[in-house]
Amino acid sequence: MIIYQVEPKHVDLVWPDVGQLLSKPLEKSLGENTLEDIKSWIKSKTYQLWVILDKEQNKIIGACTTQIIHYSRNNHLRMELAATNNNTMDLWIDDWYKATEDFCKKQNIDYVEIVAQRDGWIRLLKDKGYKKYYTVLVKDMKDD
């Protein structure tokens with residue numbers, strides 16, 4: 001597997017595959033953002049786009065977006081959207097971890113945050129030093 005950060009000028013080239021993948025987690029969101037919002041933020045360098053490429057099939061099998069958050073005392077890399085073909089995360093998680101760690105060192109990032117809709121990330125990353133820090137619960141006030 002190859003994990004690489006897509007340069008903003010190349011987003012349109014990978015977007016047919018990436019957009020299809022990223023639409024999955026967006027469907028489970030509260031509708032805060034659209035695919036076009038995400039694409040625009042990647043192109044403007046507000047977000048970073050990462051793709052997971054299966055070398056043997058020469059095919060994109062996963063994608064995720066990150067955003068660098070500058071807090072007053074430290075910098076975080078927040079992963080907000082991630083999607084992959086079914087049952088392939090175990091195949092690329094180690095490569096993703098290394099690519100993310102290298103990026104963080106180059107960008108002077110202090111912490112990685114993963115905003116996840118599934119607790120499966122805990123199982124995948126606990127041996128890499130990640131731990132559950134907080135949980136976000138949401139109530140739709142329109143339902144009252």
Side-chain angles (χ1 to χ4, degrees), residues 1-138 140 142:
M1 299 297 154
I2 299 173
I3 313 292
Y4 68 93
Q5 182 185 359
V6 177
E7 292 185 41
K9 66 184 178 183
H10 297 296
V11 170
D12 289 329
L13 296 173
V14 298
W15 199 253
D17 294 323
V18 169
Q20 182 180 16
L21 286 165
L22 295 180
S23 67
K24 295 175 188 178
L26 280 177
E27 289 171 4
K28 296 177 183 173
S29 74
L30 300 174
E32 307 91 334
N33 304 309
T34 67
L35 273 176
E36 287 306 311
D37 295 331
I38 303 300
K39 184 178 180 182
S40 173
W41 294 331
I42 294 165
K43 287 183 164 189
S44 70
K45 300 181 182 181
T46 302
Y47 276 30
Q48 299 81 40
L49 174 63
W50 302 84
V51 296
I52 298 100
L53 179 68
D54 182 326
K55 292 186 290 190
E56 293 174 9
Q57 297 181 28
N58 195 30
K59 178 180 174 183
I60 294 173
I61 62 165
C64 70
T65 62
T66 57
Q67 178 183 22
I68 297 174
I69 309 290
H70 299 284
Y71 292 106
S72 59
R73 306 240 185 248
N74 49 47
N75 299 315
H76 292 209
L77 182 70
R78 178 180 293 161
M79 185 181 71
E80 295 189 6
L81 291 176
T84 185
N85 290 347
N86 293 338
N87 303 314
T88 60
M89 286 184 78
D90 288 334
L91 301 175
W92 56 262
I93 197 69
D94 289 336
D95 294 327
W96 173 85
Y97 172 76
K98 182 173 178 351
T100 302
E101 187 177 72
D102 291 345
F103 179 78
C104 288
K105 288 177 184 173
K106 291 176 187 171
Q107 297 295 322
N108 198 30
I109 302 294
D110 301 296
Y111 296 96
V112 176
E113 299 177 7
I114 299 175
V115 177
Q117 296 166 328
R118 297 177 24 238
D119 282 345
W121 284 97
I122 297 168
R123 176 187 61 83
L124 287 169
L125 294 173
K126 67 181 177 185
D127 65 334
K128 306 284 189 232
Y130 284 80
K131 59 186 175 185
K132 188 171 183 175
Y133 182 67
Y134 59 83
T135 301
V136 177
L137 300 175
V138 177
D140 186 344
K142 297 183 294 283

- Item | Between Glu80 and Thr65, a side-chain donor and acceptor under 3.5 Å | no

Rounded distance (nearest 0.5 Å) linking atom [atom1] of [X] with atom [atom2] of [Y]:
{"X": "Leu26", "Y": "Leu81", "atom1": "CG", "atom2": "CG", "answer": "5.0 Å"}
{"X": "Tyr4", "Y": "Leu49", "atom1": "OH", "atom2": "CG", "answer": "8.5 Å"}
{"X": "Trp50", "Y": "Thr66", "atom1": "CH2", "atom2": "OG1", "answer": "6.0 Å"}
{"X": "Asn75", "Y": "Cys104", "atom1": "CG", "atom2": "SG", "answer": "10.0 Å"}
{"X": "Met79", "Y": "Tyr47", "atom1": "CE", "atom2": "OH", "answer": "12.5 Å"}
{"X": "Leu77", "Y": "Asn108", "atom1": "CG", "atom2": "CG", "answer": "12.5 Å"}

- Item | Residue pairs involving residues 51-71 (criterion ring-ring contact (aromatic ring centres under 6.0 Å, His included); sequence neighbours excluded) | Tyr71-His76

- Query: Is any side-chain heavy atom of Trp96 closer than 4.5 Å to a side-chain heavy atom of Leu125?
  - Reply: yes

- Task: Kindly indicate whether the side chain of Ile60, heavy atoms from C-beta on, has any atom under 4.5 Å from the side chain of Leu21.
- Result: yes

- Task: Please assess Phe103 against Ile68 for the test side chain to side chain contact (heavy atoms under 4.5 Å, CB included), listing each intermediate value before the final yes or no.
- Result: CA-CA 11 Å; Phe103 179 78; Ile68 297 174; 4.1 Å; yes

Cut-off 3.5 Å, no hydrogens considered: what does the side-chain donor-acceptor table look like for residues 35-43, sequence neighbours left out?
from, atom 1, to, atom 2, distance (Å)
Asp37, OD2, Thr34, N, 2.8
Asp37, OD2, Thr34, OG1, 3.2
Lys39, NZ, Asp12, OD1, 3.0
Lys43, NZ, Asp12, OD1, 3.0
Lys43, NZ, Asp12, OD2, 2.9

- Message: Is the ring pair Tyr97/Tyr130 parallel, tilted or perpendicular, if the boundaries are 30 and 60 degrees?
- Response: perpendicular

- Message: With a 6.0 Å cut-off (strictly less than), is the heavy-atom count around CD of Gln20, excluding the residue itself, greater than 12?
- Response: no

- Evaluate whether atom CD of Glu32 has more than 12 neighbouring non-hydrogen atoms of other residues, nucleotides or ligands under 6.0 angstrom away. yes

- Message: Ignoring hydrogens, what is the shortest heavy-atom contact between Thr46 and Gln48? Give both atom names and the distance.
- Response: O-NE2, 4.2 Å

- Identify the heavy atoms of Ala82 and Pro25 that sit nearest to each other, and give their distance. O-CG, 3.7 Å

- So which pairs with a foot in residues 84-100 pass salt bridge (Lys or Arg N to Asp or Glu O under 4.0 Å), sequence neighbours left out? Asp90-Arg123, Asp94-Lys128, Lys98-Asp102

- Evaluate the criterion side chain to side chain contact (heavy atoms under 4.5 Å, CB included) for residue pair Val112 and Glu101; output intermediate values, then yes/no. CA-CA 9 Å; Val112 176; Glu101 187 177 72; over 6 Å; no

